[in-house]
Amino acid sequence: MFCVFLIWVKMIEDEESIEEVKESEEELIVEGKTIYEAQQPQNTGPCYLLSVTYSGDRGCALVKLYDPEAKKIYYWYDNSGHKPYFYTDIPIDELRKDSRVIGHKGFDHFERIELYDVLRDRKVIMTKIVTKDPLSVGGARGALRDIIIRNWESKIRYHHCYIYDRQLIPGLAYRIVNGNLVLIKPVLPKEMEDELIKRVLSPEEFEEEYVDALIEWASILSYPIVDIKRIALDIEVLMEIKNTLPDPEEAKLPVIAVSAVGNDGLKVVHVLRRNNISEGDKKDALNGVEVKFYDNERDLLMDVFKIIASYPMVLTFNGDAFDLNYLWHRAIKLGIPKEKIPIILTRDSAMVVPGIHIDLYKFFANRAIKVYAFGNKYKDEDLDSISNALLGKGKVKIDRSVNELSYNELAAYCLHDAELTLELTTFNNNLVIVLMLLLARVSRLPLEDVTRLGVSKWVQSLFYFEHRRRGYLIPNKEEIKNVKGEATTAAVIKGKKYMGAKVIEPIPGVHFNVIVLDFASLYPSILKIWNLSYETIRCPHEECKVKRPIPDTPHWVCTKKRGLTSIIIGVLRDLRVNWYKPKSKDKNLSQDLRFQFNVVQSAMKVILNASYGVFGAEIFELYCPPMAESTTAIGRHYIDNTMKKAEILGLKILYGDTDSLFLYNPPKNQLETLIKWAEEELKSDLDVDKVYRYVSFSNRKKNYFGILEDGSFEVKGLKGKKRDTPDFLKESFKEVINILSQVKTPDDFEHAKQQLWKIIDEQYHMLKGRRIPLDKLAIRAQLGKDPEHYDKTTPQHVKAALMLKKYNVPVKKGMTITFVKVNKGDINVMPVQLARIDEIDIDKYIEHMKTVYEQLLDALGIDFETLLGKRSLEGFIN
DNA sequence: GCGGACTGCTTACCT
DNA sequence: ACAGGTAAGCAGTCCGCG
C-alpha cells in the first residue's frame with residue numbers, strides 16, 4: 001500500500017472498470033533486454049510516474065510507472081503518435097524547396113503553429129518541423145537543427161519534450177485505463193482551499209492567475225508520497241595496483257564480491273571463490289545474511305543481474321562511474337550477451353532495466369542538496385563522510401587491500417557499504433526518497449534526471465513546462481541577450497558580472513541582548529513583488545519605463561503582464577513561508593505530520609535559494625543579467641531603507657548581511673513599528689529571526705559568534721571552525737567557545753577570560769615543546785582541480801599532492817590533501833604521511849593560533865601578543 | 001641581491 | 001556548472017635601495 005502523505009489531498013479516480021493485471025512468467029525481450037518483471041497492462045490501479053525515456057524499439061516515449069500494490073514497474077508506451085520536433089521562423093513554402101530538409105531521412109512533416117513571443121509581447125507564426133526520431137532533430141551527424149540554423153527548442157531532450165507536451169508530472173499517480181495514461185487528479189477539499197488562501201495571500205493578490213497557481217502547487221506538493229521497493233548494490237573488484245581504482249572500461253580483473261541489501265529485508269552477498277583465501281572468523285555482521293559462493297564469475301554476475309532486473313529501484317554509491325559500469329564491461333568480457341545484462345550505459349550514467357537506477361553519490365554531491373537540504377553537515381562527498389554525518393556511522397575500516405581479506409571479512413565489508421547506501425535513503429522516514437520525489441514534482445524531471453542534474457536544469461525544466469502549457473515560444477539564450485542586454489552595475493569583486501548584496505560593517509565588541517531581523521526569503525519575495533522575470537524586465541512597452549523603474553539601475557519592469565518567474569517563484573515562496581514552514585512547527589499537529597511538512601518546506605528551500613542565482617548564470621538557458629542585477633539592487637535598496645528607518649526610530653544597528661539587521665536591545669514598540677513599516681512600504685515580511693543573549697563581533701564581516709537565549713551558540717565564519725584549520729586548534733577553539741557560552745552577564749566575562757587564557761597558554765607551550773602529535777597539526781585542503789592543472793601558482797596543498805604522487809599515491813580533483821608546514825631547507829610543506837615532528841615549522845603554527853584567537857579576542861578587547869606576554873619569559877627562552 | 005608592498009590565485013566560508 | 005561578498009594565506013612580481 002502506498003503511504004498516505006498529507007491526508008487532506010483526495011485522489012479523484014475515474015469510474016472505469018479495472019481488469020486484473022495478468023502475470024507473465026515467461027522471459028520477454030523488451031528494449032533489447034531480457035526482462036522478467038516489467039509488464040504493459042491495459043488497466044492498473046494508482047501507479048506513480050517515476051520516469052520517462054525514449055523507446056528505441058518502438059520509436060516512441062516510454063513511461064515507467066511504479067505500482068505500490070504489486071511493488072513492480074509497469075511500462076506504458078505513448079499511444080498518441082507524439083513525435084520529436086523543433087521550430088523555425090522560415091515559412092513552410094520556403095522550406096519545401098530545400099532538398100536537405102525534405103530529403104532528410106528523418107524528416108516527417110511541417111506544421112504551421114501560432115505561438116506567443118514573450119520577449120516582444122506579440123504573437124508569432126512558426127513552422128514546426130516534425131521528425132521520425134529524436135536524433136534527426138539533433139545529435140546525429142547532419143541532423144536537421146544543424147541544417148536549419150534559425151531554430152528554436154531544438155536542444156530539448158525528447159523525453160523531456162514529451163513530459164512538457166503531455167503536461168505529465170513525475171512523482172504523481174496515474175492509472176492505465178483501457179490502454180490510456182490517466183492522471184489521478186489531486187484535489188484540495190474546499191475548506192482547505194479556503195484556509196490556504198486566507199493564510200497565504202493578502203487581499204490585493206487575489207488575481208485569478210495567482211490563486212489558481214497557488215492551489216495547483218499546494219495540491220502537487222501535498223499529494224500522497226509513495227515508498228518504493230528498492231535494493232542497494234555494492235561491488236568489490238580484485239585490485240591490480242594498490243590504491244588505484246580499477247578502470248571500469250577495461251574491467252581487467254574479476255568481480256570478487258557483490259552485496260545486495262533491500263528495504264524488503266533481502267540481504268545477500270555473492271562471493272567468488274579464489275585460491276588461497278581463507279574462510280576467516282565468523283562475523284556478527286553476517287548473521288542472518290545469505291552468503292553465496294561461486295566458482296564461476298559468470299554465474300555470479302548472472303545472479304546479480306536477476307536481482308537488478310527484479311527491483312523497481314536500484315541504488316548505488318557512484319554506480320554510474322563505477323559499479324554498474326564495471327559490471328557491464330566485465331559481463332561483456334565474460335561473453336554474456338547484451339540482452340541478458342539489465343544495464344544500459346550512456347555517456348555519463350548507467351541505467352537499469354526495467355526499473356530505475358539512482359546514484360546517491362551524484363545526489364549528495366549536488367551543491368544545493370548539500371548546502372540547503374543538509375545544512376553542510378558533510379564536508380566531503382564520499383560514502384564514509386556522508387554516512388558519518390547523516391547516519392552517525394561510517395564504513396568498515398580495513399587495513400589491507402580487498403584482495404587479501406578472508407571471505408568473511410570481504411563479505412562483511414562489501415555488505416556494510418550496501419547497507420549504508422540503502423540506509424541513506426531510509427533514515428528519517430525515507431527522507432531522501434521523499435525529497436527526490438518532491439524535487440521531481442517541482443522540476444517535472446524524471447527521477448533519474450533530477451537526482452543527477454544541478455539546480456539550473458531543475459529550474460530550466462520547470463520553466464519549459466510552464467512555457468509549453470501557456471503556448472509560449474521558448475527563446476534562445478542569444479535572443480534574450482540581444483533583447484535585454486548585459487548587466488550595468490560594477491561588481492565589488494573583480495571578474496564578477498554585477499553588484500551583489502550589501503554587507504554592513506560590524507561594530508566590534510561584545511553586545512548583550514541582540515535581536516536579528518531578517519526578510520523572509522528576500523530574493524524570491526523581490527521577484528514576486530517587483531514582477532521580475534526575464535521577459536518582464538526591460539519589457540517592450542514605453543509606459544513601463546516611466547511607471548516602474550528599478551532603483552539604482554537603468555532598468556524597468558513590466559506593469560501590464562505578470563512575469564513567469566514572479567508567479568512561479570512567488571507562489572512557491574508564499575507557500576513555504578506562510579504554509580509549510582509554520583505547519584512544520586505547529587505543535588497542534590502530530591509529529592509525523594510536522595515532519596512531512598518539514599520535508600516539503602526543505603525541498604522548496606532548495607529550489608527557492610537557487611531561483612535568483614540561475615538567472616545570473618551563463619549556463620542557464622534563460623540567462624538574464626539585467627534581471628539578476630535588478631534583484632540584488634532591490635535587495636540593497638531594501639536594506640538601505642530599512643536601516644534609515646531604524647535609525648530614525650532610534651534603533652542601534654550592529655551589523656547586517658544581505659537580508660538581515662542585528663539590532664542592539666531594541667525597545668518593543670520601535671521594533672514593531674519597523675516591522676509594520678516594512679510590511680506597508682516594502683510589502684515584505686521582516687521577521688525576528690533570532691534573539692541572542694550576546695553577540696561578539698571583531699571588525700571582520702561575515703565573522704562572529706553568538707549565544708542564543710537557550711544557551712546554544714552559533715559560530716559564523718570564524719577561522720576556528722574552518723576545514724583548513726588544524727585539529728589541535730579546532731579542538732581548543734571549541735573549548736573556548738564552550739567557556740564563552742557559559743557567560744550570562746557582562747560580569748561573568750572576567751572568569752571566562754581567565755579560563756580562556758589558561759587554554760591558550762597551555763596550548764602555546766605544548767606547541768613550543770613539540771608535544772602536539774602530527775595528525776593534530778595536519779591541515780586539510782581540497783584540490784579544486786587535478787594537481788597538474790595549476791599553472792598560475794602552486795599552492796601548498798598542491799605541492800603536498802605532487803609529493804604524494806611521487807610515492808604513487810593517486811591524487812586528483814576533489815580529493816582532500818592532508819599536509820603539515822615544515823622548516824626543512826627549501827621545503828616548507830609536506831604530506832602528513834611523510835613528515836616528522838621535529839621538522840615542523842612551529843612559528844607558522846603560532847601564526848595560525850594567532851589568527852584563530854584574534855578573531856575572538858579582538859571583540860573582548862584583548863591582544864593576543866599581550867596575552868602571551870603574560871608569560872613572556874617562556875617566550876624568550878625558546 | 002634583498003626585503004617590503006603589492007597583486008593575484010586559491011580555498012572556505014556567509015547570505 | 002545557481003549568484004556575489006569576505007577573510008586568510010601563500011606565490012609571484014615590482015620597486016627602491018646611492
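The chains referred to below are lettered A, B, ... by the order of the sequence lines, with proteins before strands, and numbering in each begins at 1.
- Among the heavy atoms of the strands lying under 4.0 Å from A:T794 are primed sugar atoms or P, OP1, OP2 only; no base atom is included.
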Do nucleotides 2-8 of chain B as a string where each nucleotide becomes B, S or -: B if the base has a protein heavy atom under 4.0 Å, S if just the sugar-phosphate does, - if no protein is that close.
------S
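- For the ring-ring contact (aromatic ring centres under 6.0 Å, His included) test, no residue two or more places apart in sequence or in another chain qualifies with A:F728.
- No N or O donor and acceptor, one from the side chain of A:Y704 and one from the base of B:dC14, sit under 3.5 Å apart.
- Note that the two end axes of the helix from B:dG1-C:dC17 to B:dT15-C:dA3 enclose an angle of 20°, each drawn from 5 base pairs, rounded to 10 degrees.
- Counting any heavy atom pair closer than 4.0 Å across all strands shown, A:K850 reaches no nucleic acid atom.
- Contacts of residues 496-505 of chain A with DNA chain C (heavy atom under 4.0 Å): A:K496, A:K497, A:Y498, A:M499, A:G500, A:A501, A:V503.
- Residue pairs satisfying the side chain to side chain donor-acceptor pair (under 3.5 Å) criterion with at least one member in residues 691-700 of chain A, sequence neighbours excluded, are listed as follows: A:Y692-A:E714, A:S698-A:R700, A:R700-A:D858.
- Take A:N609 and apply the side-chain contact (heavy atoms from CB on, under 4.5 Å) test, not counting sequence neighbours, and it matches A:Y372, A:K605.
- Take A:A520 and apply the side-chain contact (heavy atoms from CB on, under 4.5 Å) test, not counting sequence neighbours, and it matches A:R573, A:V577, A:D685, A:D687.
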Listing, residues 453-466 of chain A side-chain donor-acceptor contacts under 3.5 Å, not counting sequence neighbours, or none:
from, atom 1, to, atom 2, distance (Å)
A:W458, NE1, A:V450, O, 3.1
A:W458, NE1, A:L453, O, 3.1
A:S461, OG, A:Y164, OH, 2.7
A:S461, OG, A:S443, O, 2.7
A:E466, OE1, A:R469, NE, 3.0
A:E466, OE1, A:R469, NH2, 3.4
A:E466, OE1, A:R470, NH1, 2.5
A:E466, OE2, A:R469, NH2, 3.0

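- A residue-by-residue look at A:F662 and A:G784 shows that A:G784 has its nearest nucleotide of DNA chain B further toward the 5' end.
- Near DNA chain C, defined here as any heavy-atom distance below 4.0 Å, there are no residues from residues 714-738 of chain A.
- Counting only residues at least two apart or in different chains, side chain to side chain donor-acceptor pair (under 3.5 Å) contacts with residues 795-806 of chain A comprise A:E788-A:K805.
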What pairs of donor and acceptor atoms, side-chain ones from residues 611-622 of chain A against any protein atom, are under 3.5 angstrom apart with sequence neighbours left out?
from, atom 1, to, atom 2, distance (Å)
A:S611, OG, A:L608, O, 2.7
A:Y612, OH, A:Y498, OH, 3.1

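- The side-chain contact (heavy atoms from CB on, under 4.5 Å) search around A:S741 returns A:I707, A:F713, A:N738, not counting sequence neighbours.
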